[in-house]
Amino acid sequence: MSGASGSARTRYAILGCGSVGHAVAEELTGRGKDVLILDRDESRVEALRDQDLNARVQDIAEPDVTEELADRDIVLILASDVEANKAAVSAIRDTGGDHYVVVRASDPVSEDELRDRGADVVINPSTVIADSALQSLETGELEYMARQLAEIVESGDGRMAILTHDNPEPDSIASATALQAIADAFGVEADILYSGDVGHQENRAFVNLLGIDLVARSEAPALSEYGTIAAVDLAKSADDGFDFDTEIDIYIDHLEADVPFDARFVDVRTNVSSTSTILTKYLQEFDQSPTEAVATALLYGIRAETLDFKRDTTPADLTAAAYLHPFANHDTLEQVESPSMSPETLDVLAEAIQNREVQGSHLFSTAGFIRDREALAQAAQHLLNLEGITTTAVLGIADDTIYLAARSKDIRLNIGNVLDEAFSEMGDAAGHSTQGSLEIPLGIFTGIDASGDNRDTLLELTEEAVRRKLFDTLGVEGGSNESSNGS
């Protein structure tokens, strides 16, 4: 047999050939496998032989069943009689058989007992049927939702407006870009609208390199002038009381908003980690191959939201990414993920490094008065790479507002919850287990006017108050001058 394939050498035995065993035997035989069937029912064995199947009469509950298995490699024990299945597994293992054994159970208790007796794989038909039913339900639900989405997109009178959240991030931008492509496939033109700034340098590179056309809401027509209004990845904006000025027709997100959206079409899937994953599934359902730009955007959206598949990644995220991979431009992705650092970001990072204070594995720093608040997030992420540091927070002041960006890689800590617990009564805190942000009106802590003469005093008092409250909530001492610049 030298040189033969592994599948040609593999020999199978099926013990107990009811409806399940018969279906498996026919499938394996159809694939050209060497299959032996053992069953105690003589008439059934005769019928199997009439179908040109290799079948023998044998009571699988008897110890001598092992004599029939000497030349077999994989044994599938599939009788409906679970007690007979248990006896067969025990007989194989008691005689030192090293066969790979797959066996049928009837309930969780018998599953455990069969594993204890030495089965390699235990199958519970009721569980398999339930899983198959749920998979079919998921497929049918997506098909139904896709039909609804298509009807609303096509029925719109005029252009569509697609809203992203304030200061849009990759997942929000990518999802909007995919929905724009879906609308275009149905002959509907769509504008992607945003408020705030596309401030993070990676996000700016993302938009510029892929040629994504974003329109500031201040420069766009009033929402009432659009025929259809869609919103993607807006849960955070909803929590902040985002005002849409009009009714929403389509809402798609992977997070549940504290303030639910009242839309004609709502698809919120908290069992995936990015809205880009959801939009990828719709592209597949519509049998619409993504353009290079759309595929690259969606793949980056998934990678950014899951921290390159290191945070809360689900099987759906992975299958969506695998689907997008051959369509995407990976040179562009590399450029997006490694953009040059702006002078403002470099200044903020330098200040944060210089002013850092460390307590245990927690680092707090201030970047002073800043122009680009997105630079705080990048500084917090860079400082997280310092040896021994698991949590960082960087503070800055701009436009009469205190901004704080925090990052954490401590699996015991949810930094978003920490910020909310410490500062929810003073300002707006948002985030999740690995990152968080905070905005507090200037003067909450100090009551000092932000004039030129008071700037240094204001910064010192603000930094001290925020640092102490944050460290208190984290359960560590509040830092000292001796710990400045790290340890």
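Numbers here simply count residues along the sequence, with the first being 1. Computation of the quantities below employed the complete heavy-atom set of this structure, encompassing side-chain atoms and omitting hydrogens, waters and symmetry-equivalent molecules.
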J.: Classify the ring geometry between H362 and F471 as parallel (under 30°), tilted (30 to 60°) or perpendicular (over 60°).
T.: tilted

J.: With a cut-off of under 6.0 Å to the ring centre and 45° to the axis, is R269 in cation-pi contact with Y282?
T.: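 Ring-cation test returns yes.
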
J.: Could you tell me whether the side chain of V358 reaches within less than 4.5 Å of the side chain of L386, counting heavy atoms only?
T.: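 No; the side chains remain at least 4.5 Å from each other.
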
J.: Closest approach of L438 and I440, non-hydrogen atoms and distance?
T.: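 Result for this residue pair: CD2-CD1, 3.6 Å.
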
J.: Go through the steps to decide whether K281 and E285 satisfy the test salt bridge (charged side-chain N to carboxylate O under 4.0 Å, His left out), and finish with yes or no.
T.: CA-CA 6 Å; K281 299 300 183 184; E285 185 62 32; over 6 Å; no

J.: Taking all heavy atoms of A352 and all of S365, pick out the closest pair and write down the distance.
T.: O-OG, 2.6 Å

J.: Can you find a pair of side-chain heavy atoms, one from V466 and one from F364, that are under 4.5 Å apart?
T.: yes

J.: Which atoms form the tightest heavy-atom contact between I370 and A367, and what is the distance?
T.: CG2-O, 3.8 Å

J.: May I ask you to decide if H330's main-chain N or O and H325's side chain share a donor-acceptor pair within less than 3.5 Å?
T.: no

J.: State, yes or no, whether a side-chain contact exists between L279 and I182 at a heavy-atom distance under 4.5 Å.
T.: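 Contact flag for L279/I182 side chains = yes.
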
J.: With a sphere of 6.0 Å drawn around CG of D287, does it hold more than 12 non-hydrogen atoms of other residues, nucleotides or ligands?
T.: no

J.: So, does D428 use its side chain to make a donor-acceptor pair with the main chain of E439 at under 3.5 Å?
T.: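 No: the side chain of D428 does not pair with the backbone of E439.
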
J.: Stepwise, does the side-chain contact (heavy atoms from CB on, under 4.5 Å) test hold for L413 with T390?
T.: CA-CA 10 Å; L413 183 70; T390 62; over 6 Å; no

J.: Spell out, as yes or no, whether a donor-acceptor pair under 3.5 Å connects the side chain of Q288 to the backbone of A181.
T.: yes

J.: Under a 3.5 Å distance rule, please check whether S110 uses its side chain to pair with a backbone N or O of S106 as donor and acceptor.
T.: yes

J.: I want to check something: taking the side chain as every heavy atom from C-beta on, are I278 and S175 in contact at a cut-off of under 4.5 Å?
T.: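 They are not in contact (no side-chain heavy atoms under 4.5 Å apart), so the answer is no.
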
J.: Are L193 and Y226 close enough, and set up right, to give a side-chain contact (heavy atoms from CB on, under 4.5 Å), and what steps lead you there?
T.: CA-CA 12 Å; L193 309 183; Y226 286 92; 4.0 Å; yes

J.: Distance from I162 atom CD1 to L179 atom CG, nearest 0.5 Å?
T.: 4.0 Å

J.: Angle class for the F286/F186 ring planes (parallel below 30°, perpendicular above 60°, tilted otherwise)?
T.: perpendicular

J.: For a side-chain contact (heavy atoms from CB on, under 4.5 Å) check, start with the C-alpha distance between I173 and Y300, then their side-chain angles and the critical distance, and finish with the verdict.
T.: CA-CA 10 Å; I173 297 170; Y300 182 58; over 6 Å; no

J.: Between D171 and S276, do the side chains contain a donor N or O and an acceptor N or O under 3.5 Å apart?
T.: yes

J.: Strictly below 4.0 Å, N to O, side chains only: are E151 and R147 in salt-bridge contact?
T.: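 No, this pair does not count.
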
J.: Counting C-beta onward and ignoring hydrogens, is there a side-chain heavy-atom pair between L234 and I248 closer than 4.5 Å?
T.: no

J.: Which value, rounded to the nearest 0.5 Å, describes the distance between T275 atom OG1 and D233 atom CG?
T.: 3.5 Å

J.: Is the shortest side-chain heavy-atom distance between V102 and Y100 below 4.5 Å?
T.: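 The answer is yes; the side chains approach within 4.5 Å.
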
J.: Should we count CG of N385 as having more than 12 external heavy atoms under 6.0 Å?
T.: yes

J.: Are the side chains of I123 and V20 in touch, meaning some heavy atoms are under 4.5 Å apart?
T.: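 Of all side-chain heavy-atom pairs linking V20 with I123, none is under 4.5 Å.
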
J.: Test your reading of the model: is there a side-chain donor-acceptor pair from Q180 to the backbone of A190, 3.5 Å cut-off?
T.: yes

J.: Rounded to the nearest 0.5 Å, what's the gap from OG1 on T164 to CD on E169? Could you check?
T.: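 The OG1 atom of T164 sits 10.0 Å away from the CD atom of E169.
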
J.: Just how far is it from atom CG of L384 to atom CD1 of I389, taken to the nearest 0.5 Å?
T.: 8.5 Å

J.: Check whether any side-chain N or O of D191 sits under 3.5 Å from a backbone N or O of A161 as a donor-acceptor pair, and report yes or no.
T.: no

J.: On a heavy-atom basis, which atom in A316 and which in T277 lie closest, and how many Å separate them?
T.: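 Minimum heavy-atom separation between A316 and T277: O-CG2, 3.6 Å.
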
J.: Under 6.0 Å from the CD atom of E460, do we count more than 12 heavy atoms belonging to anything else shown?
T.: no

J.: L223 vs R217, test: side-chain contact (heavy atoms from CB on, under 4.5 Å). Steps then yes/no.
T.: CA-CA 9 Å; L223 293 182; R217 284 195 64 191; 3.3 Å; yes

J.: Just by modelled atom types, is the N329 backbone N or O under 3.5 Å from a matching donor or acceptor in the T296 side chain?
T.: yes

J.: Measuring from L149:CG to D267:CG, what's the distance to the nearest 0.5 Å?
T.: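 One gets 8.5 Å once the value is rounded to the nearest 0.5 Å.
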
J.: Does the pair E113/R117 count as a salt bridge with the N-to-O cut at 4.0 Å?
T.: yes

J.: Does the S424 side chain pair with the main chain of E421, one donor and one acceptor, at a distance under 3.5 Å?
T.: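 Not confirmed, S424 side chain does not pair with E421 backbone.
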
J.: From T228 OG1 over to F265 CZ, what is the distance, rounded to the nearest 0.5 angstrom?
T.: 13.0 Å

J.: Please report the closest heavy-atom contact between L376 and V348, naming both atoms and the distance.
T.: CD2-CG1, 4.1 Å

J.: Quick check on E189: does its CD atom have over 12 non-hydrogen neighbours (other residues, nucleotides or ligands) under 6.0 Å away?
T.: no

J.: Identify the heavy atoms of S408 and I415 that sit nearest to each other, and give their distance.
T.: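 Here S408 and I415 meet closest at CB-CB, 4.0 Å.
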
J.: Side chain of D112, backbone of V109: donor and acceptor closer than 3.5 Å?
T.: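 No, the answer is negative, given that no donor and acceptor are paired below the 3.5 Å cut-off.
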
J.: So, D120 side chain and V101 main chain: donor-acceptor pair closer than 3.5 Å or not?
T.: yes

